[in-house]
Number of protein chains: 2
Amino acid sequence: MAVLERNLSLSQRMTQELGRAIVCGEYNVHESLPSEAVLCEDFGVSRTAVREAVKMLSAKGMISSRQRQGIRVLPEEEWNILDPDLLRWSLESNPSMRVLQEFLQMRIAIEPEAAWLAARHANPERIQAIHGALDRMEAARGKDPEAALEADIDFHISILYASENRFFIRMRDFTRTALNVSIRHTNVIKSNPAGVVADHGKVLDAIERQQPDEARDAMYALIDEALRFIESELDQPGKTA
Amino acid sequence: MAVLERNLSLSQRMTQELGRAIVCGEYNVHESLPSEAVLCEDFGVSRTAVREAVKMLSAKGMISSRQRQGIRVLPEEEWNILDPDLLRWSLESNPSMRVLQEFLQMRIAIEPEAAWLAARHANPERIQAIHGALDRMEAARGKDPEAALEADIDFHISILYASENRFFIRMRDFTRTALNVSIRHTNVIKSNPAGVVADHGKVLDAIERQQPDEARDAMYALIDEALRFIESELDQPGKTA
DNA sequence: GCACCGAAATGGTGTCATTTTTTTATCAGA
DNA sequence: TCTGATAAAAAAATGACACCATTTCGGTGC
């Protein structure tokens, strides 16, 4: 059995194990999972641990558990895929180009609008945070790719915060996860990091000058470039060599 | 007391009760909630019910529960406010104009882009669903406001489905909740239901003719009208009489 | 100031209760 | 006598509960 040594509680480990298994498609939709008793045997834990894991996953919309009926996997439409845990499990198990494309389509909806709002509100502290991230991008450029990635992510997330809208801010984990994966893919071709930093600078500049439409367009261009790259990959798979 | 629906399980009722209480701000952030034992007393249930409710809410990012430390409310940033349950609790407890505005800002990010994608894919079945919703809007116009509201919601959700992107589709519950509240507010002033139906028709028309940019613009205009109304309300509160 | 001990809170277990479905048995009608 | 339907009973799964274990923070004593 694949018991992960963590300092997490038993229920949390069970949740991760079961969640991952479901995301991986090890249990068919609308089919009953093994009963709690069987899961206890399989994982070598008590029923409480299994039950709390079941509750956690049903809180995320992944399964339903009713008396006599047993535990059932709900159709994927019902899953709270914006949930950080679910996102992580999805990407770890299913890092397909198709998901990457859908990620970027979502980002292209969210982030330009967030930039628009950020330009309207222009809270100095929030702008300072964006500035800091951009500076770190510039500093790490060409030298420390890992730090550059971190700074890139911080840049985008700082803008979400600057929108001053709780729903945009909530997309933080979504954006972080999406960026972590997609930047590693798209940076293969973008061998012009100076240009990337400049493009990011345009967004910040528009926000500072409180030009919402400019900020939106600049952010749109930034993400659209990555999206077009992914879509060209999807059209002619295997082009990268 | 406030014992709700009898056909829900004890844990589910506890989850709702506790969730609502937390959303209402009855417990301060970073402060310990009553211990599980006390909650058992307060609600007259066993510890299992309380514990499962705690697990559910921590799966939604609302609380953290550690040994000896007790149960603590996490800062609002950590809450999965896209979760349907959390959304419902939020709106039932805190139906402020501010939240409504943030709802609409989010919709204006999501739905125009979804319409754009829908126009690109133009799956006949999905378009048929949008058509059906629009027809029902037209049929109920001026006669059955409740049916008109239902049809309106179905229209917007059908477009999310037509985007063929799992993340947009997932915004279904968000959109449904937002619309349910916001339409009731904005329809007070919009005494021109024929014009509303026509505006919706423009979106569908653009999708059918596979004109993504037109579809996006039409959807943007549709939501922007409601947003402007809300923002004028926020600027001069109490204008409605 | 350090170490040990105790209390308080969640973590984990075994057992019984409840609900729902399925199967079987009985009765009625052809 | 055979077939069908209905009702009752049993079984299988989750739901609920009381009890014990473990961990961690705080106090106290040396």
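In what follows, chains are A, B, ... by sequence order, proteins preceding strands, each numbered from 1. These numbers were taken from a predicted model, which means no experiment stands behind them.
- In this entry the distance linking CD1 of A:Ile63 with P of D:dA13 reads 16 Å, nearest Å.
- Distance, B:Glu52 CD to C:dT10 P: 15 Å, rounded to whole Å.
- We find that CZ of B:Phe43 is positioned 14 Å from P of D:dC17, with the value rounded to whole Å.
- Between A:Arg72 atom CZ and D:dA13 atom C1' there is a gap of 12 Å when expressed in whole angstrom units.
- Proximity of B:Ser46 to the phosphate of D:dC17: a side-chain N or O atom is located under 4.0 Å from OP1 or OP2.
- Among the heavy atoms of the strands lying under 4.0 Å from A:Ser65 are primed sugar atoms or P, OP1, OP2 only; no base atom is included.
- A donor-acceptor contact under 3.5 Å is formed by the side chain of A:Arg51 with the base of D:dA16.
- Rounded to whole angstrom, the span from the CD atom of B:Gln12 across to the P atom of D:dT14 amounts to 15 Å.
- Partner of B:Phe174 under the ring-ring contact (aromatic ring centres under 6.0 Å, His included) criterion, out of B:Phe103, B:Phe167, B:Phe168: B:Phe103 alone.
- Listed candidates were D:dA16, D:dT23, D:dT14. Nearest to the side chain of A:Ile71 is D:dT14.
- Of the two residues contacting DNA chain C, namely B:Lys55 and B:Arg68, the nearest-nucleotide position lying further toward the 5' end is that of B:Arg68.
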Mind running side chain to side chain donor-acceptor pair (under 3.5 Å) on B:Tyr161 and B:Arg172 for me, showing each step along the way?
CA-CA 8 Å; B:Tyr161 273 99; B:Arg172 178 168 40 104; 3.1 Å; yes

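- Each of A:Ala49 and A:Arg66 has a nearest nucleotide on DNA chain C; the 5'-most of these lies closest to A:Ala49.
- Considering only side-chain N and O atoms, B:Ser11 lies under 4.0 angstrom from the phosphate OP1 or OP2 of D:dA16.
- Between B:Phe155 and B:His200, the angle of the ring planes goes over 60°, which puts this pair in the perpendicular group of the 30/60° scheme.
- Comment: A:Asp144 does not engage A:Arg141 in a salt bridge, judged by the lack of any side-chain N to carboxylate O separation of less than 4.0 angstrom.
- At a cut-off of 3.5 angstrom, counting only N and O atoms as typed in the model, there is a donor on one side and an acceptor on the other between the side-chain of A:Gln67 and the base of C:dT18.
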